[in-house]
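In what follows, a structure is listed as structure tokens, so that the remarks can point back to it.
Below, all heavy atoms of this structure are taken into account, side chains as well, without hydrogens, waters or symmetry copies.
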Amino acid sequence: MQTNKRVSSSNIVVSGNMRQGLTYTLVFIKNEYQVLLGLKKRGFGKGKWNGFGGKVEKNETIFDGAIRETKEECNLKVNNLKHVGIVAYEDILDCRMDFVHVFTANKYTDILQESDEMKPEWFDYEIIPFQQMWPDAKYWYPFMLQDKNFFAHVVYYNEESYKNTNIREYSSIKMVADYMKSLMKRKNIV
């Protein structure tokens, strides 16, 4: 069953073909009351809190990429990844769409450690630092925190300014993936 949860209803029109950008992963380790976030210390997103993740490497599955990135960024090996959503970031100036596969986990091994890229910290669900995060996070985090399957389509002008966020909840991750494929077809992503 699909339910639409629109944050904004503006229509976006893209002329010509849009390029498929990169595929990323984001992992959120959580328990009943808290979520583990990392403060980005360098590079793209420096100074922002987020989950752990990054680019999926060639010949790597999204699950393998999620596990690898989490280990590299906070030293934890996640054991029970659940693929809960996909966020499509449409860059209308660059005519490109990147896809971020969102995972949750509540079981892990090893000792939590700061890396040269991320400083991890646990946050209660009620005090997530949305003011120090990407502007769209406040819209789709509630779905992720509840392990609801979702697809978020975020249209950006640049790193700090977005035009639209549209979020849809689905009953399965397969339905989310099917919607992603239909969006790619509608946007003529090549």
Derivation and outcome, salt bridge (Lys or Arg N to Asp or Glu O under 4.0 Å), residues R42 and D116: CA-CA 8 Å; R42 62 178 167 87; D116 62 343; 3.4 Å; yes
Trace of the side chain to side chain contact (heavy atoms under 4.5 Å, CB included) decision for K82 with D147: CA-CA 8 Å; K82 181 179 181 186; D147 282 332; 3.6 Å; yes
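Seen from the ring of W134, K48 counts as a face-on cation partner, given the 6.0 Å and 45° thresholds.
The aromatic ring centres of F28 and F52 sit 6.0 Å or more apart. Taking the six-membered ring for Trp, F123 and W49 have ring centres closer than 6.0 Å.
At a threshold of 4.5 Å between non-hydrogen side-chain atoms, the residues I86 and V100 do not count as touching. Counting heavy atoms from C-beta outward, V87 and W140 have side chains that approach closer than 4.5 Å. H153 is listed as a side-chain neighbour of E90, based on a closest heavy-atom distance under 4.5 Å. Between K46 and K41 there is no side-chain heavy-atom pair separated by less than 4.5 Å.
Applying the side chain to side chain contact (heavy atoms under 4.5 Å, CB included) criterion to N31, with sequence neighbours excluded, gives Y33, Q34, W122. Shown here are the side chain to side chain contact (heavy atoms under 4.5 Å, CB included) partners of T23, two or more places apart in sequence or in another chain: Q20, V56, I62, H101. Scanning for salt bridge (charged side-chain N to carboxylate O under 4.0 Å, His left out) contacts around K174 gives D178, with sequence neighbours left out. Residues forming a salt bridge (charged side-chain N to carboxylate O under 4.0 Å, His left out) with K55 (at least two apart in sequence, or on another chain): none. Annotation: ring-ring contact (aromatic ring centres under 6.0 Å, His included) contacts of F151 (sequence neighbours excluded): Y179. Every salt bridge (charged side-chain N to carboxylate O under 4.0 Å, His left out) that E72 has, sequence neighbours left out, goes to R68. Take D98 and apply the salt bridge (charged side-chain N to carboxylate O under 4.0 Å, His left out) test, not counting sequence neighbours, and it matches R96. Taking the side chain to side chain contact (heavy atoms under 4.5 Å, CB included) definition, one finds that I67 meets it with V78, L81, sequence neighbours left out. For the ring-ring contact (aromatic ring centres under 6.0 Å, His included) test, no residue two or more places apart in sequence or in another chain qualifies with Y125. For N106, the side chain to side chain contact (heavy atoms under 4.5 Å, CB included) criterion is met by N80, not counting sequence neighbours. Applying the ring-ring contact (aromatic ring centres under 6.0 Å, His included) criterion to Y89, with sequence neighbours excluded, gives Y156.
The stretch residues 130-139 participates, sequence neighbours left out, in no salt bridge (charged side-chain N to carboxylate O under 4.0 Å, His left out) pair at all.
Screening T70, T104, L37 for a side-chain contact (heavy atoms from CB on, under 4.5 Å) involving I29 leaves a single residue, T70.
At least one donor-acceptor pair closer than 3.5 Å links the side chain of N75 to the backbone N or O of I111. With hydrogens and angles ignored, the 3.5 Å screen pairs no side-chain donor or acceptor of D124 with any backbone N or O of I127. At distances below 3.5 Å, not a single donor-acceptor pair connects side-chain atoms of E69 with backbone N or O atoms of G65.
Under the 3.5 Å distance criterion, with hydrogens and angles disregarded, no donor-acceptor pair is assigned to the side chains of S172 and N149.
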